[in-house]
**Student:** 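Structure below; questions to follow.
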Amino acid sequence: MNEPPPNPYAPPMSATANVIEPAVYGSDAIPAGFGLRFAGRLIDFVVTFLVSLVSGAIGGALVVVLAMSGAVDANAPARLGEMSGGAFALSFLGTVLYHTLCEGIGGASIGKLVLGLRVRRETLEPCSIGAALGRSLAYFIDSFCFGLPAYSSMSSSPMRQRYGDKWAHTVVVKASSLGGVPARGSQLAIGIVAAIGVLVVVDVASVVMKAF
């Protein structure tokens with residue numbers, strides 16, 4: 001059957017005709033449930049803990065060198081086991097930056113990558129640094145009381161959004177369900193490498209600052 005001739009009075013086709021519509025709720029993207037996302041966070045906790053152990057050893061070695069050179073007092077290494085407000089703040093910052101860079105650059109932390117999850121905007125477009133930062137900060141509210149706020153929010157949300165997702169307008173979906181949404185394979189690696197690098201620097205700084 002021949003197609004009808006084009007309407008000469010029809011408006012021109014937009015260059016963004018193939019862009020995903022603003023509402024993700026009618027798409028085939030499959031949201032990740034609470035259990036799967038909790039497992040991803042556990043993996044990330046193990047990753048950041050191991051990185052912190054290595055960073056702590058590097059920071060401790062630097063403090064010993066500084067003490068031997070006279071740059072700090074000789075008792076500085078003995079203070080490394082103490083917890084200070086500044087060191088705690090830097091550790092908190094390191095965790096936030098880890099998730100922000102992983103998700104804002106590549107769309108997934110190591111835990112989410114292992115479990116086949118991706119962080120996207122509600123439009124299914126790539127997550128931005130700003131949105132990733134917002135949801136990372138809000139995680140500490142969602143995780144209050146063993147994650148009950150997050151579980152409550154996700155249970156009543158069609159796309160299983162915790163409060164941080166709602167505020168940042170993000171969703172966490174299964175990567176296999178994204179279909180034609182452009183993947184960012186190389187940026188996944190860039191995001192993870194950048195996040196680990198920043199985490200190491202922050203953790204080393206949190207150790208060294210105890211010497212002063």
**Student:** Just how far is it from atom CG of L115 to atom CD1 of I43, taken to the nearest 0.5 Å?
**Tutor:** 4.0 Å
**Student:** Do M159 and V173 have side-chain heavy atoms sitting under 4.5 Å apart?
**Tutor:** yes
**Student:** Would you say S55's side chain and V201's backbone share a donor-acceptor pair under 3.5 angstrom?
**Tutor:** no
**Student:** Could you state the interatomic distance from NE2 (H169) to CZ (R121), rounded to the nearest 0.5 Å?
**Tutor:** 10.5 Å
**Student:** What is the ring orientation for F34 with Y151, classed by angle as parallel under 30°, tilted 30 to 60°, or perpendicular over 60°?
**Tutor:** perpendicular
**Student:** Which value, rounded to the nearest 0.5 Å, describes the distance between D73 atom CG and L66 atom CG?
**Tutor:** 11.0 Å
**Student:** Evaluate side chain to side chain contact (heavy atoms under 4.5 Å, CB included) for D44 paired with I110, printing each intermediate quantity in order.
**Tutor:** CA-CA 6 Å; D44 285 323; I110 293 176; 3.9 Å; yes
**Student:** Quick one about S157 and K166 (side-chain donor to acceptor, distance below 3.5 Å, no hydrogens or angles considered), yes or no?
**Tutor:** no
**Student:** Under a single-linkage definition using a 4.5 Å side-chain heavy-atom cutoff for Ile, Leu, Val, Met, Phe, Trp and Tyr, are V200 and V46 assigned to the same hydrophobic cluster?
**Tutor:** no
**Student:** How far apart are the closest heavy atoms of A131 and T170, and which atoms are they?
**Tutor:** CB-CG2, 3.9 Å
**Student:** Do V54 and L199 land in one hydrophobic cluster if side-chain heavy atoms of ILVMFWY residues count as linked below 4.5 Å?
**Tutor:** yes
**Student:** What's the verdict on side chain to side chain contact (heavy atoms under 4.5 Å, CB included) for Y98 and V51, showing C-alpha distance, side-chain angles and the deciding distance?
**Tutor:** CA-CA 11 Å; Y98 164 79; V51 171; over 6 Å; no
**Student:** Near F144 CZ, under 6.0 Å, is it more than 12 heavy atoms from other residues, nucleotides or ligands?
**Tutor:** no
**Student:** For residues L133 and L97: do they belong to one hydrophobic cluster (side chain heavy atoms under 4.5 Å, members Ile, Leu, Val, Met, Phe, Trp, Tyr)?
**Tutor:** no
**Student:** If Ile, Leu, Val, Met, Phe, Trp and Tyr residues are connected whenever their side-chain heavy atoms lie under 4.5 Å apart, and connections chain through other members, are Y139 and L117 in the same group?
**Tutor:** no
**Student:** Would you say V96 ends up clustered with V198 if hydrophobic residues are merged whenever their side chains have heavy atoms under 4.5 Å apart, either directly or through other cluster members?
**Tutor:** no
**Student:** Any side-chain to backbone donor/acceptor pair from S52 onto T48? Under 3.5 Å, distance only.
**Tutor:** yes
**Student:** Show the nearest heavy-atom pair for residues P77 and A74, with the distance to one decimal.
**Tutor:** CD-O, 3.4 Å
**Student:** With side chain to side chain contact (heavy atoms under 4.5 Å, CB included) as the criterion, how do L62 and V207 come out once you've worked through the C-alpha distance, each side chain's angles and the decisive distance to 0.1 Å?
**Tutor:** CA-CA 9 Å; L62 286 175; V207 172; over 6 Å; no
**Student:** Roughly how far, to the nearest 0.5 Å, is SG of C127 from CZ of R120?
**Tutor:** 9.5 Å
**Student:** Taking R118 for its side chain and G107 for its backbone only, find out whether a donor-acceptor pair lies under 3.5 Å.
**Tutor:** no
**Student:** Between A138 and R162, which heavy-atom pair has the shortest distance, and what is it?
**Tutor:** C-NH1, 3.9 Å
**Student:** With I105 as reference, evaluate T100, I190, V193 under the side-chain contact (heavy atoms from CB on, under 4.5 Å) test and give the passing residue.
**Tutor:** I190
**Student:** Are the side chain of E103 and the backbone of S109 linked by a donor-acceptor contact shorter than 3.5 Å?
**Tutor:** no
**Student:** Closest approach of P31 and P158, non-hydrogen atoms and distance?
**Tutor:** CG-O, 4.0 Å
**Student:** Does F38 have more than 12 heavy atoms from other residues, nucleotides or ligands lying within 6.0 Å of its CZ?
**Tutor:** no
**Student:** At what distance, to the nearest 0.5 angstrom, does CZ of R160 lie from CE of M154?
**Tutor:** 7.5 Å
**Student:** Quick check: closest heavy atoms across C102 and A195, and the distance to 0.1 Å?
**Tutor:** SG-CB, 3.4 Å
**Student:** Count the heavy atoms belonging to other residues, nucleotides or ligands that lie under 6.0 Å from CZ of F212, then report whether that count exceeds 12.
**Tutor:** yes
**Student:** State, to 0.1 Å, how close V119 and V172 come at their nearest heavy-atom pair, and which atoms those are.
**Tutor:** CG2-CG2, 4.1 Å
**Student:** State plainly whether the residues D142 and R37 are in salt-bridge range, i.e. N to O under 4.0 Å.
**Tutor:** no
**Student:** If you round to the nearest 0.5 Å, how far is CG of L137 from NE2 of H99?
**Tutor:** 11.5 Å
